[in-house]
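First comes the structure, then the notes that go with it.
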Amino acid sequence: MEARRIEIKELFCENAKQWISQDVCVKGWVRTKRGNKSVAFIALNDGSTIKNIQIVADVANFSEDILNQITTGACICAVGKLVESMGKGQSVEIQANSIEIYGTADPQTYPLQKKGHSLEFLRGIAHLRPRTNTFGAVLRIRHNMAFAIHKYFNDKGFFYWHSPLITASDCEGAGEMFQVTTLDLDNTPKNEQGKTDYTQDFFGQSTFLTVSGQLEGELGATSIGKIYTFGPTFRAENSNTPRHLAEFWMIEPEMAFYDINDNMDLAEDFIKYLVRYALDNCKDDIAFLNDMYDKDLINRLESVLKEDFVRLPYKEAIDILEKSGHKFEVSVSWGMDLQSEHERYLVEQHFKRPVILIDWPKEIKSFYMKQNDDGKTVRGMDVLFPQIGEIIGGSEREADYNKLVTRMKELNMNMEHYQWYLDTRRFGSAPHSGFGLGFERLLLFVTGMANIRDVIPFARFPKNAMF
RNA sequence: GCCUCUUUAGCUCAGUUGGUUAGAGCACAUGACUGUUAAUCAUGGGGUCCUAGGUUCAAGUCCUAGAAGGGGCGCCA
């Protein structure tokens with residue numbers, strides 16, 4: 001009898017009762033097999049949920065050959081009657097009539113075992129780690145967060161805006177970029193100065209992978225009102241930390257007619273929406289991560305929803321740190337950029353909730369941030385989260401053409417490269433704001449994972465581009 | 001890029017002051033068990049002690065260099 005294939009998550013839904021006593025078909029990968037001479041229990045997972053369906057096989061009904069091939073990691077198709085379980089630990093199970101082996105997994109060489117593995121070990125077999133409970137959970141949450149981001153912005157009337165990935169401009173002076181070229185690196189064409197002649201390169205000039213879609217995003221905001229980007233971003237910095245990747249995904253909303261306060265309201269509402277969405281839609285996966293890695297995860301997620309983020313001018317942050325009596329490695333003074341230890345003190349010790357720092361000294365922030373009337377500070381904002389530090393960086397943008405140009409000249413920027421950007425201020429300039437949210441940093445917070453390399457399927461970082 | 005720690009069985013790790021044949025748990029194989037829940041119990045196989053030098057009668061252990069990995073810091077999202 002032919003039975004319709006059912007994804008395992010369907011078997012754990014309320015309406016699964018309709019299939020009780022009927023034949024069902026499930027397909028997936030074996031997590032464990034255990035049992036005795038007469039009966040075998042197979043825990044099967046198909047990735048649709050973190051839960052396994054238990055398949056019960058009477059040994060007498062199956063050849064020894066088939067049963068021997070059912071090992072951890074093997075891919076099988078099982079058909080049988082869905083019944084209420086006689087054992088504890090699961091509500092339903094499948095009494096197998098037939099089992100087909102799709103692919104065996106030699107237990108002597110298959111790297112994953114039914115026991116737990118260290119995250120460091122799994123990073124070395126990144127092509128197989130999605131088959132583990134942990135990475136299944138993380139990657140399902142990752143999908144749900146990506147979907148929720150699009151849903152949030154769409155529901156609020158934002159347009160999804162595609163900034164280019166290949167760019168000719170060093171967008172913000174934001175550090176090292178990956179060069180994109182089709183020239184033969186062993187034999188590049190030379191110009192009269194003896195340097196590489198990029199007019200002969202694919203685009204007729206030197207090009208790079210983007211470090212931010214913001215500048216192009218501002219073109220969207222000043223034309224169709226509210227936009228967001230959500231795409232890969234590349235930084236060739238030699239960063240070796242659990243919070244940095246060379247290729248990561250960033251969300252950058254940009255809104256006409258939003259001032260810095262509107263910007264902060266949006267950032268706070270946005271993050272809370274995403275955390276709420278995860279708690280509502282990823283219950284099983286978050287519960288697993290809470291149990292296995294971080295017993296405080298669910299508490300921490302729920303507490304972020306309850307409390308207003310602190311909004312604090314940079315100057316007041318400096319005052320708090322100076323008066324704290326806390327001994328810092330780097331002592332605090334006005335004008336300095338805050339170190340991780342300072343951010344952590346404010347968020348984890350002093351306020352014990354997320355903090356948005358605003359009104360930063362202009363010298364340590366980007367050229368495009370709106371200048372305050374004091375002539376010293378700009379309307380930048382950093383959203384700081386417990387454990388992961390800066391999760392969002394943003395600002396109200398400088399809309400005044402002359403102020404912007406003056407600042408760019410102070411910084412010796414090549415004005416030719418930015419003519420298209422400056423046109424936003426030359427023609428119909430509008431007050432506007434925006435920010436960038438690191439997608440993987442959001443995932444660190446939502447999953448409780450400690451290393452950013454564990455919240456992306458294929459991590460890119462210095463000296464590592466395998467898989 | 002800087003600082004620091006680690007590297008011993010498939011995985012996680014122990015290995016004393018340098019001293020006979022390098023151990024454990026799990027995994028794997030075989031056997032036992034009529035319903036298991038990371039099943040249990042018994043037996044068994046399994047090692048280039050990261051690599052290259054060096055010190056020593058003798059090195060997993062001490063020294064030097066290198067590689068890989070972790071953590072902290074910087075750059076930032």
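Naming convention: chains lettered A, B, ... in sequence-line order (proteins, then strands); numbering from 1 in each chain.
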Checklist entry - Mind checking the P distance from B:C26 to B:G69? Whole angstroms is fine. => result 31 Å
Next on the checklist: Taking the P atom in each of B:C49 and B:A9, what is the distance between them to the nearest angstrom?
Outcome noted: 10 Å
Checklist outcome for this item: One should report the stems of RNA chain B, each a stretch of at least three consecutive Watson-Crick or G-U pairs at distances under 3.5 Å, as B:1-7 with B:67-73, B:10-13 with B:23-26, B:28-32 with B:40-44, B:50-54 with B:62-66
Checklist entry - What does A:Phe248 touch in the nucleic acid at a heavy-atom separation under 4.0 angstrom: a base, only the sugar-phosphate, or nothing? => result base
Checklist entry - Looking only at side chains, do A:Asn133 and A:Arg31 share a donor and an acceptor under 3.5 Å apart? => result yes
Checklist entry - Is the number of heavy atoms from other residues, nucleotides or ligands under 6.0 Å of A:Lys272 NZ greater than 12? => result yes
Checklist entry - Relative to the 5' end of RNA chain B, which residue comes earlier, A:Pro107 or A:Glu93, by the nucleotide with the nearest heavy atom? => result A:Pro107
Checklist outcome for this item: When rounded to whole Å, the CG to P distance for the pair A:Asp58 and B:G35 reads 12 Å
Next on the checklist: Taking B:G66 as the reference, what is the distance to B:U7 when you measure between their C1' atoms (whole Å, please)?
Outcome noted: 14 Å
Checklist entry - Expressed as a whole number of Å, how far does the C1' atom of B:A65 sit from that of B:U55? => result 15 Å
Next on the checklist: Need one value for A:Gln90: base, sugar-phosphate or nothing, where a base atom within 4.0 Å counts as base even if backbone is also close, heavy atoms only.
Outcome noted: base
Checklist entry - Where is the tightest heavy-atom contact between A:Phe234 and A:Val211, given as atom of each residue plus distance? => result O-CG1, 3.1 Å
Next on the checklist: Counting distance alone, no hydrogens or angles: does the base of B:C75 have a donor or acceptor under 3.5 Å from a partner atom on the side chain of A:Arg243?
Outcome noted: no
Next on the checklist: Tell me the interatomic distance from A:Asn238, atom CG, to B:C76, atom P, rounded to whole angstroms.
Outcome noted: 15 Å
Checklist entry - In this structure, which one of A:Arg397, A:Gln214, A:Glu218 forms a side-chain hydrogen bond (donor to acceptor under 3.5 Å, both in side chains) with A:Tyr368? => result A:Gln214
Item to check | 5' precedence on RNA chain B between A:Phe461 and A:Ile392 (nearest-nucleotide basis) | outcome: A:Phe461
Checklist entry - Does A:Arg235 make a cation-pi contact with A:Phe248 (under 6.0 Å, within 45 degrees of the axis)? => result no
Next on the checklist: B:U37, OP1 or OP2 - any side-chain N/O from A:Thr32 closer than 4.0 Å?
Outcome noted: no
Checklist entry - Do A:Thr134 and A:Met292 touch side chain to side chain, with heavy atoms closer than 4.5 Å? => result no
Next on the checklist: For a quick test of reading the model: is some side-chain N or O of A:Ser340 closer than 4.0 Å to OP1 or OP2 of B:G74?
Outcome noted: yes
Next on the checklist: Taking any heavy-atom pair under 4.0 Å as a contact, classify A:Pro111: base, sugar-phosphate, or nothing.
Outcome noted: nothing
Checklist entry - With centres under 5.5 Å and planes under 30°, do A:Phe41 and B:G35 count as stacked? => result no
Item to check | Side-chain N or O of A:Lys88 closer than 4.0 Å to phosphate OP1/OP2 of B:U37 | outcome: no
Checklist entry - Reckon A:Gly436 touches a base, only the sugar-phosphate, or nothing at all at heavy-atom distances under 4.0 Å? => result sugar-phosphate
Next on the checklist: For B:G71 and A:Asn451 - does any side-chain N or O of the residue sit under 4.0 Å from the phosphate oxygens OP1/OP2?
Outcome noted: yes
Checklist entry - Is there a side-chain polar atom (N or O) of A:Ser239 under 4.0 Å from OP1 or OP2 of B:C75? => result no
Next on the checklist: Under 4.0 Å, counting only non-hydrogen atoms across every strand here, what does A:Leu245 touch: a base, just sugar-phosphate, or nothing?
Outcome noted: base
Checklist entry - Which part of the nucleic acid, if any, lies within reach of A:Ile391 when heavy atoms closer than 4.0 Å are counted: base, sugar-phosphate only, or nothing? => result sugar-phosphate
Checklist entry - Which is true for A:Gln95 with a 4.0 Å heavy-atom rule: it touches a base, it touches only sugar-phosphate, or it touches nothing? => result base
Next on the checklist: Measuring only the C1' atom in each nucleotide, how far is B:G53 from B:G47? A whole number of Å is fine.
Outcome noted: 23 Å
Checklist entry - Under a 4.0 Å N-O cut-off, is there an ion pair linking A:Arg353 with A:Asp308? => result no
Next on the checklist: Does A:Thr241 reach a base, just sugar-phosphate, or nothing at all? Heavy atoms under 4.0 Å.
Outcome noted: base
Next on the checklist: Using the P atom as the point on both nucleotides, what is the distance between B:U8 and B:A77, in whole Å?
Outcome noted: 38 Å
Checklist entry - Under 3.5 Å, is there an N or O donor on one side and an acceptor on the other linking the side chain of A:Glu120 and the base of B:U7? => result no
Checklist entry - Reckon A:Gly116 touches a base, only the sugar-phosphate, or nothing at all at heavy-atom distances under 4.0 Å? => result base
Next on the checklist: Between B:G10 and B:A29, how many Å separate the two C1' atoms, rounded to a whole number?
Outcome noted: 13 Å
Item to check | Proximity to the side chain of A:Met86 - top-ranked nucleotide from B:G70, B:C33, B:G35 | outcome: B:G35
Next on the checklist: Looking at A:Arg344, I'd like to know whether one of its side-chain N or O atoms comes within less than 4.0 Å of OP1 or OP2 on B:C73.
Outcome noted: yes
Item to check | Under 3.5 Å donor-acceptor pair, A:Gln108 side-chain atoms to B:G46 base atoms | outcome: no
Item to check | Under-4.0 Å side-chain N/O to phosphate OP1/OP2 contact, A:Asn36 with B:G35 | outcome: yes
Checklist outcome for this item: Of the listed B:G71, B:G69, B:C73, the closest approach to the A:Gln339 side chain comes from B:C73
Checklist entry - Side-chain donor-acceptor pair under 3.5 Å between A:Ser48 and A:Asp46, yes or no? => result yes
Checklist entry - Does the side chain of A:Phe328 come within less than 4.5 Å of A:Gln339's, by heavy atoms? => result no
Checklist entry - Is A:Lys114 near enough to B:C26 that one of its side-chain N or O atoms lies under 4.0 angstrom from OP1 or OP2? => result no
Item to check | Within 6.0 angstrom of A:Glu84 CD, more than 12 heavy atoms from elsewhere | outcome: no
Next on the checklist: For the P atoms, the ones on B:G25 and on B:U21, what distance do you get once it is rounded to whole angstrom?
Outcome noted: 23 Å
Checklist entry - Hey, is the side chain of A:His244 pairing donor to acceptor with the base of B:C76 inside 3.5 Å? => result yes
Checklist entry - Looking only at side-chain N and O atoms, does A:Arg31 come under 4.0 Å of OP1 or OP2 in B:U37? => result no
